[in-house]
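Take a look at the structure below.
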Amino acid sequence: MKLGVFRSDAGREVYLRAYDTAMAELPRPSFAKDVPTSLGTVRAYGWTGSLADREPVVLLPGRSSGVPMWGENLSDLRASGRTIIALDALGDAGMSVQTAPLNRFEDQGTWVEEALKGLGLNRVHMVGHSFGGATSAAHALQHPARVASLALLEPVFVFRRPPISMFFWALVSNLPVPKSWRDHALSAIGGVSVDDVRTTTPISVMIETGSEHFAAALPTPRRLNDGEWASLTMPVYVAIASHHSMAGGEPGAVRARRIPHAMVDVWPHTTHSLPMQVHEALAARLNTFWDNAR
């Protein structure tokens with residue numbers, strides 16, 4: 001049975017310290033819950049908003065990132081007055097604990113749906129970055145009634161397969177390799193310089209330790225066909241980077257524009273790390289999108 005696990009108890013302790021340090025940089029959450037699902041326990045954090053009549057926003061992170069990846073986005077997103085809920089992905093580095101294998105891409109939608117039910121949520125605005133974008137798309141296809149709107153930020157695979165080189169670097173980033181190799185891998189995946197990767201911040205340390213010490217066992221997302229995209233009835237927002245995109249760049253945007261009710265932006269001067277690079281402008285764009293979705 002293949003499960004995402006820490007490679008050693010010592011590595012787990014190193015990661016937990018890095019995770020706690022990164023979480024301390026975020027606004028203090030209103031609650032933290034461990035939600036049981038048929039595939040494992042999902043860690044959820046919530047920041048209660050002032051507008052109780054509006055659907056909450058649910059955030060799904062990219063690979064090895066966990067909830068702390070949203071540190072630069074949270075303050076801007078909370079300005080909307082909506083409740084914000086962020087989940088650690090099941091089967092990846094973070095506080096969620098996987099107990100059953102994720103054998104298919106569709107299994108990602110299963111644990112998300114069960115976590116949302118466990119949190120007592122009805123309709124939500126889903127937002128996913130990178131691998132979390134692919135997971136959000138899988139969930140929306142299976143459980144459209146739960147999704148008030150769908151925002152995909154540089155989603156991997158679902159529009160176009162990333163370049164072959166990205167498969168190599170993704171593999172390297174999740175192997176116990178020398179730090180210099182991992183730095184180059186994270187640089188290539190994020191579309192940033194190696195110096196940026198080596199800049200020590202709580203989130204960069206957390207991502208690096210997660211890549212080093214956690215062995216994920218996740219199904220590869222798949223490219224969705226035009227019929228699947230056409231079946232989505234909720235409003236969809238797609239944000240694609242102009243450079244080093246892992247969502248397909250402009251060709252990916254062309255496919256995204258075929259989705260009914262879709263709004264698609266190619267953000268200039270951005271890379272796969274788009275949510276952090278344009279966090280203020282992105283939050284304003286999303287807030288307008290959510291208002292229109294009502």
Side-chain angles (χ1 to χ4, degrees), residues 1-16 19 23 31-46 58-70 85-122 124 126-147 150 152 155-158 167 170-171 173-176 206-207 209-224 228:
M1 183 168 66
K2 293 184 177 180
L3 302 177
V5 295
F6 285 96
R7 294 187 171 95
S8 69
D9 289 341
R12 180 178 181 273
E13 291 303 314
V14 170
Y15 176 79
L16 292 179
Y19 183 98
M23 276 298 300
F31 64 84
K33 296 181 180 179
D34 291 316
V35 186
T37 76
S38 61
L39 297 167
T41 301
V42 176
R43 172 65 61 87
Y45 298 93
V58 176
L59 307 176
L60 294 183
R63 280 292 305 273
S64 301
S65 299
V67 168
M69 74 150 278
W70 301 106
I85 296 169
L87 308 180
D88 275 347
L90 200 63
D92 202 356
M95 296 297 106
S96 295
V97 180
Q98 185 182 8
T99 57
L102 301 169
N103 294 316
R104 305 178 306 141
F105 174 52
E106 288 72 18
D107 290 340
Q108 299 280 31
T110 299
W111 72 257
V112 172
E113 176 65 9
E114 293 180 8
L116 298 182
K117 280 185 179 180
L119 288 166
L121 302 176
N122 184 13
V124 300
M126 293 296 301
V127 181
H129 172 238
S130 189
F131 201 93
T135 300
S136 297
H139 173 258
L141 281 173
Q142 296 170 66
H143 304 282
R146 184 80 58 189
V147 184
L150 176 65
L152 306 176
V156 294
F157 288 94
V158 290
F167 287 91
L171 176 64
S173 71
N174 284 281
L175 290 175
M206 186 201 72
I207 290 174
T209 56
S211 298
E212 179 180 359
H213 297 296
F214 191 87
L218 295 169
T220 300
R222 62 177 176 83
R223 181 179 181 272
L224 304 186
E228 288 173 312

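Counting begins at 1 with the first residue of the sequence.
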- Message: I need the H143 NE2 to L116 CG distance, nearest 0.5 Å.
- Response: 9.0 Å
- If only atom types and distance count, is the side chain of T37 paired as donor or acceptor with the main-chain N or O of A115 below 3.5 Å? no
- Query: Does the Q142 side chain pair with the main chain of E106, one donor and one acceptor, at a distance under 3.5 Å?
  - Reply: yes
- Query: Are the side chains of M23 and M206 in touch, meaning some heavy atoms are under 4.5 Å apart?
  - Reply: no
- How long is the gap from CG on L152 to CE on M126, to the nearest 0.5 Å? 9.5 Å
- Gap between atom CZ of R222 and atom CD of E228 - 0.5 Å precision: 4.0 Å
- Message: Just to verify, which of V97, L119, V112, L90 counts as forming a side chain to side chain contact (heavy atoms under 4.5 Å, CB included) with V42?
- Response: L90
- Query: Any donor and acceptor pair, going by atom type alone, linking the side chain of R63 with main-chain N or O of S211 inside 3.5 Å?
  - Reply: no
- Main-chain N/O of T41 paired to D34 side chain as donor or acceptor, under 3.5 Å: no
- Query: If you measure from OH on Y45 to CG on L87, what distance do you get to the nearest 0.5 Å?
  - Reply: 11.0 Å
- Message: Taking L3's backbone N and O only, do any of them form a donor-acceptor pair with Q98's side chain (distance below 3.5 Å, no angle check)?
- Response: no
- Residue pair Y15 / G94: nearest heavy atoms and the distance that separates them: OH-N, 3.2 Å
- Message: Heavy-atom count check: over 12 atoms from other residues, nucleotides or ligands less than 6.0 Å from D9 CG?
- Response: no
- Would you call I85 and F31 a side-chain contact if the rule is heavy atoms closer than 4.5 Å? yes
- Query: Hey, what's the ring geometry for F214 with F6, parallel, tilted or perpendicular (30° and 60° as the breaks)?
  - Reply: perpendicular
- Could you grab the distance from atom OH of Y19 to atom CD1 of I207, nearest 0.5 Å is fine? 12.0 Å
- Message: Can you give me the closest heavy-atom contact between A93 and G210, atom names plus distance?
- Response: CB-CA, 4.1 Å
- Can you name the closest pair of heavy atoms from S8 and G11 and give their distance? OG-N, 2.9 Å
- Task: Supply the atom-to-atom distance Q108 CD to L218 CG, rounded to the nearest 0.5 angstrom.
- Result: 5.5 Å
- Query: Are side-chain heavy atoms of P219 and N103 found at a separation under 4.5 Å?
  - Reply: no
- Are V14 and H213 close enough that some pair of their side-chain heavy atoms sits under 4.5 Å apart? yes
- Item | Heavy-atom check, side chain of L102 versus side chain of W111, under 4.5 Å | yes
